[in-house]
Amino acid sequence: MPMTNKEVAAFLERVGEILEIRGENVFKARAYYSAARTIESLGEDVSKIVADGELDELPGFGEALTEKVSELVRTGQMKYYDEITADLPEGIFELLDVGDVGPKKVKLFYDKLGIGSVAELEAAARSGALAELPGMGDKSQAKILAGIEQGKEHRGRWLLSQAVPLGERIVAVVEKLEGVKRVSLGGSIRRRRETVGDIDVLVSSKRGAHVIAEFTKLDGVERVLASGDTKGSAVFSPGIQADLRVVEDKSFATALHYFTGSKEHNVRMRQLAKDRGWKLNEYGLFDGDKMLASKDEKALFAHFGMDFIEPELREDTGEIEAALKGALPDLVESRDIRGALHVHSDWSDGRVTIEELAREAVSHGFSYMTISDHSQFSHGLDEKRLGEQWKEIDRVRRIAGGIDILRSCEIDIMKDGSLDIDDETLQGLECGIASVHGSTELGAAEQTRRIIAAVSNRYVDILGHPSQRLLPDQGGMAFDVEAVLSACAARGVAVEISADPMRLDLDWRYIKTAKALGCKFAIGLDAHEKEHFGWLTYGVSMARKGWLEKGDILNTLTARQFRERLGRRRKRRKA
DNA sequence: GCCGTTTTCGGCCCGACTGTTTTCAGTCG
């Protein structure tokens, strides 16, 4: 089984960490980190790039990395890795996950005390041995113990949907503090990454110490990690860390740009500044000692002759070049979406009646909705029950004002690629969504054949959550993404971008590739209760991260256009 | 380990905070 991009990236990340722990040249380690990020943000499979012999064309891939990564992708192993890890204990990497512990301290702990796991670190801290080490003391020891405790409670990343409400609450409170001029979320939450490690908030004020002090007293603060004049850091219930930075208002635009990132985007922007003889940092854009005024981010980009780059695009995947050429996409917005697709009712595992769903959809401004309950394999409806449901849909359609309701179904894709509803019944659907739920462990080749077989059924209009990934940490199943996307494009089957915060699937990294292959998209809610209509914003964010415009997305069409489009496609497929 | 119409060798982002230090190292973002 070929390694996924994520696996290759994680491997390279680890090589970088080992090099740092070993005390090698930090720039050598950085080369591996940079390679890891490049692989992670690829819109195509690294195994394909290796097979095509095009790995050395990626930025940051010279002779050594090309050879080592090719070996890794082909054989699943890297001799170099075995060499540099041979004399290190296996658990040494987990030490890096402890707060306030970096490669230098790992090396120190290992060299002096032979510590090679978090358990050993904890024992050493409790015995007081850590405090005796050079450069360490009681406070450092206590901090490390606290870090170990926190790590036990929670590790890793949070869903975007968990972070956004907290982030917005912090902004709302801080905005009202005395002496605060401007406030914004920054970091990965502003870029709308599908998961975030922490919440970044930027504030402009002349009263930094006061703002930070108030921030650390907010409702929900469990622990204060740092509290200075310009920077504060606290852990909020249920364990999400938030960092607040305070700058002068004249620095707000450059600071916001800086703290929004991504790091890769920032590196490119600083380089652009350097090329022009300027200097860009969080405090401003400088020509010598002179600060080039930027009242907001738009003005900042304008200095470079660039169009404003929406935060979602700032991943260094071509947005800088496009902005310089004035060729950025006109990104889709939530208000462009007219149809609520992929809605489950209490006919399967949803909590709400069709009639209530209709009312809820109207209140969110949708003008049509597809009732897409599960089919029999996922404990949903069989052919007979579907027929009965259609009568109920007809009834609600007559009484519900201002909304069109389409007969739909989330049809299960069987292990062999067939569907669990017969064609005669499928013919009666107005929108067919086919999804994989079971048998996710097939090999990549079989999985690919299976999905392509399913989207080849003429009554399938949309491929639901293609990868079956579950955030924050469960990767998707193994299959040839490009082959499936090509099949969808050829058959006119739209690819779902699930707005379910645990899915957000198709992965935005593949969206640009999908569009280039000719795919259309459908933002699906996968709603099971009323509150889930609010998920739309997350689906739209992913579409935006994938550079999509209104015209790329089927449910920006009016109800009538949507029906016509699906109808036309079906006629073509019959012919 | 990568990279180059300023360089094929010598750079590679940099500032805030903390704790341990009498001037700095490590971590983080």
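Every chain is numbered from 1 and lettered A, B, ... according to where its sequence line falls, protein lines coming before strand lines.
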Closest listed nucleotide, where the reference is the side chain of Pro103(A) and the choices are dC13(B), dG29(B), dT27(B) | dT27(B)

For Asp198(A), answer base if it contacts any base atom (sugar-phosphate contacts may also be present), sugar-phosphate if it contacts only those atoms, and nothing otherwise; contact means non-hydrogen atoms under 4.0 Å.
-> sugar-phosphate

Roughly how far apart, to the nearest Å, are dC2(B) and dT8(B) at atom C1'?
-> 12 Å

Whole Å only: how far is the CZ atom of Arg30(A) from the C1' atom of dC28(B)?
-> 13 Å

C1' spacing across the pair dT27(B) / dC13(B), given as an integer number of angstrom = 16 Å

Just call it for Ser233(A): base, sugar-phosphate, or nothing, with non-hydrogen atoms closer than 4.0 Å on any strand.
-> nothing

Looking only at atom types and distance, does a side-chain atom of Arg157(A) sit under 3.5 Å from a main-chain N or O of Thr195(A), one as donor and one as acceptor?
-> yes

Between CD of Glu24(A) and C1' of dC12(B) the distance, given in whole Å, is 17 Å

Arg245(A) vs dC17(B): side-chain N/O to OP1/OP2 distance below 4.0 Å | no

Going by modelled atom types, is there a donor-acceptor pair between the base of dG1(B) and the side chain of Asn25(A) at under 3.5 Å?
-> yes

Would you mind classifying the nucleic acid contact of Lys105(A) as base, sugar-phosphate or nothing, using non-hydrogen atoms under 4.0 angstrom?
-> sugar-phosphate

Phosphate OP1/OP2 of dC17(B): any Thr230(A) side-chain N/O under 4.0 Å = yes

Side-chain N or O of Lys231(A) closer than 4.0 Å to phosphate OP1/OP2 of dA16(B) | no

Check whether any side-chain N or O of Tyr33(A) sits under 4.0 Å from OP1 or OP2 of dC12(B), and answer yes or no.
-> no

Determine the Euclidean distance between corresponding P atoms of dG1(B) and dT5(B); express it in Å to zero decimal places.
-> 23 Å

Between Tyr32(A) and Phe27(A), ring centroids under 6.0 Å | no

Contact nearer the 5' end of DNA chain B, comparing Lys279(A) with Leu133(A) = Lys279(A)

Just name whichever nucleotide pairs with dC17(B), Watson-Crick or G-U, keeping both distances under 3.5 Å, else none.
-> dG26(B)

Nucleotide dG26(B), atom P - distance to CD1 of Ile21(A) in whole Å | 14 Å

Report the C-alpha separation of Asp243(A) and Phe215(A) in whole Å, then their side-chain angles, then the decisive distance to 0.1 Å, and conclude whether the side-chain contact (heavy atoms from CB on, under 4.5 Å) test is met.
-> CA-CA 10 Å; Asp243(A) 298 329; Phe215(A) 164 72; over 6 Å; no

Phe61(A) CZ - dC3(B) P separation (whole Å) = 10 Å

Counting side-chain heavy atoms from CB outward, which of dC2(B), dC14(B), dC13(B) is closest to Leu65(A)?
-> dC2(B)

Can you check whether Lys28(A) has a side-chain N or O nearer than 4.0 Å to OP1 or OP2 of dC12(B)?
-> no

Flag side-chain contact, heavy atom, 4.5 Å: Phe308(A) against Leu300(A) = no

Contact class for Lys274(A) (heavy atom, under 4.0 Å): base, sugar-phosphate, or nothing?
-> nothing

C1' atom, dG29(B) versus dT23(B): distance in rounded Å?
-> 24 Å

Per nearest nucleotide of DNA chain B, the residue lying toward the 5' end, Gln241(A) or Ser140(A), is Ser140(A)

Looking at dT18(B), dT27(B), dC13(B), which one has an atom nearest to any side-chain atom of Tyr258(A)?
-> dC13(B)

To the side chain of Tyr283(A), which of dG15(B), dT20(B), dC13(B) is closest?
-> dG15(B)

Is there a side-chain polar atom (N or O) of Tyr32(A) under 4.0 Å from OP1 or OP2 of dG1(B)?
-> yes

Ignoring the backbone of Lys104(A), work out which of dT27(B), dG15(B), dT20(B) is nearest its side chain.
-> dT27(B)

Roughly how far apart, to the nearest Å, are dC17(B) and dC12(B) at atom C1'?
-> 24 Å

Whole angstrom value for the distance that separates C1' of dG29(B) from CD of Glu264(A) = 12 Å

Atom CE of Met78(A) and atom P of dG1(B) are separated, to the nearest Å, by 10 Å

Would you classify Asp138(A) as touching base, sugar-phosphate or nothing, given that sugar-phosphate means primed atoms plus P, OP1 and OP2, and contacts are heavy atoms under 4.0 Å?
-> sugar-phosphate

When you get a sec, tell me which of dC14(B), dC2(B), dG19(B) is the closest nucleotide to the side chain of Lys143(A)?
-> dG19(B)

Do Glu321(A) and Arg268(A) sit within salt-bridge range, that is, some charged N less than 4.0 Å from a carboxylate O?
-> yes

Same-atom distance (C1') from dA25(B) to dT20(B), integer angstrom = 9 Å

Rounded off to whole Å, could you give me the CG-to-P distance for the Asp243(A) and dT18(B) pair?
-> 12 Å

Pick base, sugar-phosphate or nothing for Asn281(A), based on heavy-atom distances below 4.0 Å to the nucleic acid.
-> nothing

Answer yes when Lys206(A) and Glu178(A) have at least one side-chain N-carboxylate O distance shorter than 4.0 Å, and no when they do not.
-> no

In whole angstrom, give the distance that lies between atom CZ of Phe259(A) and atom P of dC17(B).
-> 10 Å

Are any non-hydrogen side-chain atoms of Glu482(A) and Thr513(A) less than 4.5 angstrom apart?
-> yes

Determine the sole option in Arg191(A), His257(A), Arg270(A) for which the side-chain hydrogen bond (donor to acceptor under 3.5 Å, both in side chains) test with His265(A) is passed.
-> His257(A)

